[in-house]
Novice: 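My structure is below; once you've seen it, I'll send some questions.
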Amino acid sequence: MSRDSSKTVEEKLPDKKTNTSEWYSRVLQEAGIVDIRYGVKGFIVYMPYGMSIMKRIIQLYEEELEKTGHRPILFPVVIPEANLRKEAEHIKGFEAEVFWITHAGLTKLEERLALRPTSETAIYPLYSLWISSYKDLPLKAYQTVAVYRYETKATRPLIRGREFLWIETHDVFRTAEEALRQTVEDKDIFHRVTYEVLGIPFLHVMRMDFDKFPGAEHTYAFDTLLPDGRVLQIGTTHYLGQKFSRVFEIKFHDIDGSYSYGEQTCFGIGLSRILASLILVHGDNYGLVLPPRVAPIQIVIIPIPKTGFSRERLENYIEEVRSLLEGAGYRVYADLSEKTPGEKFYHYDLLGIPIRIEIGPREVEQNKVSVFRRDKREREIVDLGRLREYIAYLMEDIPETLKRRAREEMEKNIATVGSIDELMELRGSYSLFKTDFCDSEECAEELKTTTGGYEVRGRFLDEKPGEGARCIVCGGEARSRVLVAKAY
RNA sequence: GGGGCCGUGGUGUAGCUUGGCUAGCAUGCGGGCCUUGGGAGCCCGUGGUCGCCGGUUCAAAUCCGGCCGGCCCCA
């Protein structure tokens, strides 16, 4: 009956805090999130469990986009070379990472086709045809697709791939004011899902001019903090102004009879990276910890059979509990398979199922159930009569707990520094730094070199440098209060 | 961008230095008995083009070259 303890230890996951990379690889594989064995560098397979979570994540963002007036579109994955080249800065920024289709069957194509690295140049030629009057505006649309970029940096499952999933919106407005307002709405949409539902905290910054999206006037980015202390960009929204509308002839007849070019924005929601963040931010040494809204199974019921206790009576009681909870609208699964309870506990912990209910002879005889919450790993005995109420409470409290924990973790990693020396002293205890900066690309380069990889991620929108503040690098006049961190 | 490590049944690995036996072990998977409150046990069975291509050799998982893929560290 005694277990081989050495084997048990060996089979557990690596420690998440001290061995994040290995923990992440093992969880992806063992929980069935993705399979990395497809055999083409940077391309991975989403497995059923991972894709079930992903589809729920997608649905959350799509619902918010629809609520804010965006409508679905789906453009082709191929972009004719001439279109991709129309906006000069854009092609310059993406040229080195485009996958090209050069042949079709036995024929060499006269014009190469790009696999979209992003879809501005696919979509905007058609927008030009769709828009002719101010009455056609605003035009707000989104698509959920894979995009392709020939990454030269080391690829990592879900974090940096050569194919990844995202949602991209492409909006056209009559005025710059409306377009700029949209970038704020984009941030709110992102916050409502990413933080409020998924519990992933993030920092909102405006990327420096030298670091903005190729072809944009401004880029606003959402960076989250991963447990290894590096930040990951999980979303960006861009104010494009008229840069694309002028080259793609997106113009309209205005109210006064004149012609104007559309004012554009686009917004990218990095779905693959959001799934990675969800796993890395909330997970623990037992595996995933999923917020209930995206958990494919929200409640799992585990029977504890006992020799001498009627199996039928046990299973009838389980069915009673299961249908009660299913009737209340939850995704419930009773695992009646022949595996031992202990093995099931480990398995559903690994999958991150938010709530586990254990039912054995004790529960049946007393008309109770044991309820285990995955986030805090706490067990509670509950009367059947108040089970619905208690589950309803957990469904609220679990996401709140995840959110609070993650936000506190991020906040305690933020330090404000006034010099590079100070940054270097504090880097063992903090990962995110606020400091004053002169906005020059040279200083950003120098900071990265002298600090061993710390990057200027962008300026905070709601904070300004104090009176007479100096750039942390050159000591010149500071123009921005910026976020500095190591990045993926 | 620089450096290092790895590729053997589904998974994790031994074997490789010093070429040669039926490629060993654990786990998984299927069946049976027994068991079940944090990865139980026993029995039977199943599963391998040793990443790919080429070279050396009487003989290659093992040596050599190229390619593909994965991982880690540093910038």
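Residue numbers start from 1 in every chain, and the chains themselves are labelled A, B, ... in the order their sequence lines are given, proteins ahead of strands.
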Novice: For atom P, what is the distance between B:G41 and B:U27, given to the nearest Å?
Specialist: 8 Å
Novice: With rounding to whole Å, what would you report as the distance between B:C64 and B:C74 at their C1' atoms?
Specialist: 31 Å
Novice: Both distances under 3.5 Å, Watson-Crick or G-U wobble: report the partner of B:G10, or none.
Specialist: B:U27
Novice: I'd like to know if A:Glu30 and A:Arg26 make a salt bridge, using a cut-off of under 4.0 Å between side-chain N and carboxylate O.
Specialist: yes
Novice: For the P atoms, the ones on B:G9 and on B:G24, what distance do you get once it is rounded to whole angstrom?
Specialist: 14 Å
Novice: Remember a base hit wins even if backbone is also touched, and classify A:Tyr286 as base, sugar-phosphate or nothing at under 4.0 Å, heavy atoms.
Specialist: base
Novice: Say we look at B:C29 and B:U22: how far apart would their C1' atoms be, to the nearest angstrom?
Specialist: 23 Å
Novice: Reckon A:Glu455 touches a base, only the sugar-phosphate, or nothing at all at heavy-atom distances under 4.0 Å?
Specialist: nothing
Novice: Rounded to whole angstrom, note down the P distance from B:G51 over to B:U17.
Specialist: 15 Å
Novice: Measure from the side-chain heavy atoms of A:Arg362 and tell me the nearest of B:G37, B:U35, B:G38.
Specialist: B:G37
Novice: How long is the gap from CD1 on A:Ile91 to CD on A:Glu81, to the nearest 0.5 Å?
Specialist: 7.5 Å
Novice: Separation of A:Lys339 atom NZ from B:G30 atom C1', in whole Å?
Specialist: 13 Å
Novice: Between A:Phe213 and A:His218, is the ring centre distance below 6.0 Å?
Specialist: no
Novice: In whole Å, what is the span from the CZ atom of A:Arg379 to the C1' atom of B:G38?
Specialist: 8 Å
Novice: Taking a pair as Watson-Crick or G-U wobble with both distances under 3.5 Å, which nucleotide is matched to B:G19?
Specialist: none
Novice: Considering only atom P, compute the distance from B:U13 to B:G54 and round it to an integer number of Å.
Specialist: 29 Å
Novice: Kindly point out which of B:G38, B:U35, B:A40 is positioned nearest to the side chain of A:Arg356?
Specialist: B:G38
Novice: Would you please indicate if the ring centroids of A:Phe244 and A:His90 are separated by under 6.0 Å?
Specialist: yes
Novice: By nearest nucleotide on RNA chain B, pick out whichever of A:Thr449 and A:Glu343 is the more 5' one.
Specialist: A:Glu343
Novice: Both A:Thr340 and A:Gly453 contact RNA chain B. Which one's nearest nucleotide lies toward the 5' end?
Specialist: A:Thr340
Novice: Quick test: give all pairs of protein nitrogen or oxygen and nucleotides 68-74 of chain B nitrogen or oxygen below 3.5 Å, distance rounded to 0.1 Å.
Specialist:
unit_1 : atom_1 : unit_2  : atom_2 : d
B:G69  : OP1    : A:Lys41 : N      : 3.3
B:G70  : OP1    : A:Gly42 : N      : 3.4
B:C72  : OP1    : A:Ser21 : OG     : 2.9

Novice: Can any side-chain N or O of A:Arg230 pair as donor or acceptor with the backbone N or O of A:Ala485 at less than 3.5 Å?
Specialist: no
Novice: Which part of the nucleic acid does A:Phe372 contact within heavy-atom distance under 4.0 Å: base, sugar-phosphate only, or nothing?
Specialist: base
Novice: For B:G1, which nucleotide is its Watson-Crick or G-U wobble mate, given both distances must be under 3.5 Å?
Specialist: B:C74
Novice: Give me the distance, rounded to whole Å, that separates B:C68 from B:G32 when you measure between the P atoms they each carry.
Specialist: 49 Å
Novice: Tell whether A:Glu363 reaches the base of B:G37 with its side chain through a donor-acceptor pair below 3.5 angstrom.
Specialist: yes
Novice: Should we count NZ of A:Lys376 as having more than 12 external heavy atoms under 6.0 Å?
Specialist: yes
Novice: Between B:A23 and B:C5, how many Å separate the two P atoms, rounded to a whole number?
Specialist: 30 Å
Novice: Is a side-chain N or O of A:Arg162 found less than 3.5 angstrom from the main chain of A:Arg149, in a donor-acceptor match?
Specialist: no
Novice: Paired with B:C63: which nucleotide, if any, by Watson-Crick or G-U wobble criteria at under 3.5 Å for both distances?
Specialist: B:G55
Novice: With a 6.0 Å cut-off on the ring centroids, do A:Phe164 and A:Tyr148 count as close?
Specialist: no
Novice: What is the base-pairing partner of B:C42, counting Watson-Crick and G-U wobble geometry with both distances under 3.5 Å?
Specialist: B:G32
Novice: Students often get this wrong, so: under 4.0 angstrom with heavy atoms, is A:Pro303 touching a base, only sugar-phosphate, or nothing?
Specialist: nothing
Novice: Of all heavy-atom pairs between A:Ile302 and A:Pro341, which one has the smallest distance, and what is that distance?
Specialist: CG2-CA, 4.3 Å
Novice: Using whole Å, report how far CD of A:Glu30 lies from C1' of B:G12.
Specialist: 10 Å
Novice: Side chain of A:Phe345 only, please: which of B:G38, B:A75, B:U36 is the nearest?
Specialist: B:G38
Novice: Rounded to the nearest angstrom, tell me the gap between atom CD1 in A:Ile304 and atom P in B:G38.
Specialist: 8 Å
Novice: In whole angstrom, what separates A:Gln29's CD from B:G7's P?
Specialist: 16 Å
Novice: Could you walk me through whether A:Tyr38 and A:Phe43 pass ring-ring contact (aromatic ring centres under 6.0 Å, His included), step by step?
Specialist: CA-CA 7 Å; A:Tyr38 188 70; A:Phe43 290 77; 7.5 Å; no
Novice: Could you tell me how far apart A:Asp335 (CG) and B:G38 (P) are, to the nearest whole angstrom?
Specialist: 16 Å
Novice: What's the CD1-C1' distance between A:Ile302 and B:U35, to the nearest Å?
Specialist: 17 Å
Novice: Calculate the interatomic distance between A:Asp349 atom CG and B:G37 atom C1'; express it in whole Å.
Specialist: 14 Å
